[in-house]
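This report concerns only the one structure given below.
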Amino acid sequence: MKCWSVATLPILGCLVACATAPVRDPSPQASTAALVQPPSREVALREAWLKERHTLLLDMMRRHGVGMWVVINEEFHDDPLTAWIAPPLPYVGNRDVFVFVDAGDAGLKKVALTGYATEVVTRFFDVPVEGRKPEEVLAELEARYHPRAIALGMGGKRGVTRSLTHDSYQWLVEALGPQAEARFVSAAPLIEEYLDTRLPGEFAPYRDLVVLTESLVKRALSNEVVVPGKTTVGEVRRWLYDALWEARVGTWFQPDMRVQRQGMKDGFSRGFLAVADEAVIIQRGDLLHVDFGVTSLGMNTDWQKMAYVLRDGEKDVPEGLKRALANTQALQDAMMLRASRPGRSSADVYDATMAEMKEKGIEAKVYSHPLGAQGHGLGASIDFRAASRKDAPRLLRKGSFLAVELNTVTAVPEWDGQRVAVMQEDPAYLTDEGWKFFVPRQDAFYLIH
């Protein structure tokens, strides 16, 4: 039986005992063994974070006009919120209910209606006397506090904000009655603020996750893994899966690899460089790209880096490819340092970034997204798709984590003017001076000899 609603086994190095330690050397050969700690320490850390998150919740509920928030977890159909609003345990009751109530001057009332009232649950929630029906307890809470709005996981645009099942909705209506149903509202705005709010204690552990991600990708894009003319894309991908297992961490998406080479036909699909088939053999002169993420502690990284396979006689990357990377760095600087500030709307940031790229004559695309509880997290995305849909502007929140995901396309003279995409993705956090990387960005292509 799996123990975590958000998949991961370990906690990474020094996350508890030395959370303020400096970032380790992320060299390609760096061992990840020292980063691993027992699952018990992960549980302890995540429970400490949960306690802190609960202290922030009442103010959030009041900002969003929510008097009661109900999260329902179903057996073998976990709500993705459960591991963030309750202890990260296995919940195997047919229907486990977690209720947060604004009790006025009494503060936040937290009640768990679970099939198994374990000790760890009672440290965070009040639990009714055994034998009482959850429907009765829930109805009593509604009658006593008469919340003006009862927020549920429905009506949102993302899976984590619309996770309530039809059967559980019907169960709530039967328990609370039609007069309460009239006050059901979407919890999406509350969920977004709750999940997009980063805690100070999360910073150092998350930075360690980014360091681990960088270390694994550097190894994957090196001669440790790649033998030009022999190694396939599929073999690199499988190596990354095995590296995750050895590091005792998980991932939230399949590692992807892209290959560009001189003379290839246009490799773009839906506006992006297409993922390479697993049978493709990596050759000298190829430009490689890896998209990869690590999951641990209930948090996720997202990382894209590029490598060049040297041709016979080459000692460095062609100048045209270097200029292509410089264009992507210019895009990063425009978005991160000049356009972004806390409180500014993501739409304004996107528009300012693209205006600067147009002025500089750089073909650019931005599709950056929040990170945290999900790899594609909730919050303010700086993204061309949101801009084209004219989504409601979202304000950047200080301290948020963002995957700075973007690319530029540049004609490379050494490749007979062929258009080459340089795609980068780095986790960053928002300060008063803009976004800052957790580890330094890629200033040069990794070299494979």
Side-chain angles (χ1 to χ4, degrees), residues 5 50 53-87 91-117 121-122 124-195 378 392:
S5 296
L50 179 62
R53 283 193 177 279
H54 280 183
T55 67
L56 305 174
L57 182 53
L58 182 59
D59 285 342
M60 292 183 187
M61 290 174 62
R62 289 175 176 174
R63 276 195 292 275
H64 294 283
V66 172
M68 176 185 284
W69 183 23
V70 182
V71 178
I72 298 181
N73 196 79
E74 299 184 8
E75 185 178 11
F76 305 122
H77 190 67
D78 288 342
D79 189 299
L81 278 170
T82 303
W84 285 85
I85 55 93
Y91 293 96
V92 293
N94 178 53
R95 181 178 283 126
D96 294 313
V97 185
F98 302 93
V99 188
F100 302 90
V101 183
D102 183 349
D105 293 340
L108 181 66
K109 186 172 183 62
K110 302 177 293 179
V111 179
L113 310 172
T114 62
Y116 302 92
V121 173
T122 61
F124 291 89
F125 293 90
D126 295 331
V127 176
V129 176
E130 186 174 346
R132 297 209 61 198
K133 292 183 177 180
E135 302 94 312
E136 295 175 355
V137 177
L138 194 60
E140 287 178 5
L141 288 171
E142 193 280 329
R144 178 176 179 182
Y145 296 103
H146 197 66
R148 59 177 175 170
I150 301 172
L152 306 174
M154 62 182 192
K157 292 184 177 180
R158 303 287 297 281
V160 71
T161 59
R162 59 183 186 217
S163 50
L164 184 67
T165 67
H166 175 75
D167 284 346
S168 286
Y169 182 95
Q170 291 297 112
W171 179 84
L172 284 169
V173 172
E174 292 173 5
L176 298 178
Q179 79 287 347
E181 184 183 14
R183 286 175 276 125
F184 288 179
V185 300
S186 172
L190 172 63
I191 294 170
E192 179 170 315
E193 182 178 359
Y194 185 80
L195 292 183
L378 299 180

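Positions are given from 1, in the same order as the sequence printed here. These values consider heavy atoms only, across backbone and side chains, with no hydrogens, waters or symmetry-generated copies.
No more than 12 heavy atoms of other residues, nucleotides or ligands lie within 6.0 Å of CZ in Arg144, so this atom counts as exposed by the packing criterion. Counting non-hydrogen atoms of other residues, nucleotides and ligands closer than 6.0 Å to CZ of Arg148 gives a total of 12 or fewer.
Checking Asn73 against Asp78 by side-chain atom types alone, a donor-acceptor pair falls below 3.5 Å.
Checking Ile150, Val173, Leu172 one by one against Glu181, the side-chain contact (heavy atoms from CB on, under 4.5 Å) holds for a single residue, Val173.
Residues Leu164 and Asp79 are not in side-chain contact: their nearest non-hydrogen atoms beyond the backbone lie 4.5 Å or more apart. The side-chain heavy atoms of Val121 and Tyr91, taken from C-beta on, include a pair separated by under 4.5 Å.
The closest donor-acceptor contact from the side chain of Ser168 to the backbone of Thr165 lies at 3.5 Å or more, if one exists at all. With Arg53 contributing its side chain and Trp84 its backbone, the two residues share no donor-acceptor pair below 3.5 Å. Using modelled atom types, no side-chain atom of His54 and backbone atom of Ala86 make a donor-acceptor pair closer than 3.5 Å.
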For this session: May I have the step-by-step check of side chain to side chain contact (heavy atoms under 4.5 Å, CB included) for Val137 and Val99, ending in yes or no?
Result: CA-CA 10 Å; Val137 177; Val99 188; over 6 Å; no
Exercise. Given Phe98 and Phe124, is the ring pair (Phe, Tyr, Trp, His ring centres under 6.0 Å) satisfied, shown in steps?
Worked result: CA-CA 11 Å; Phe98 302 93; Phe124 291 89; over 10 Å; no
Problem set entry | Audit row: Tyr145, Met68, side chain to side chain contact (heavy atoms under 4.5 Å, CB included) steps and yes/no | CA-CA 9 Å; Tyr145 296 103; Met68 176 185 284; 5.9 Å; no
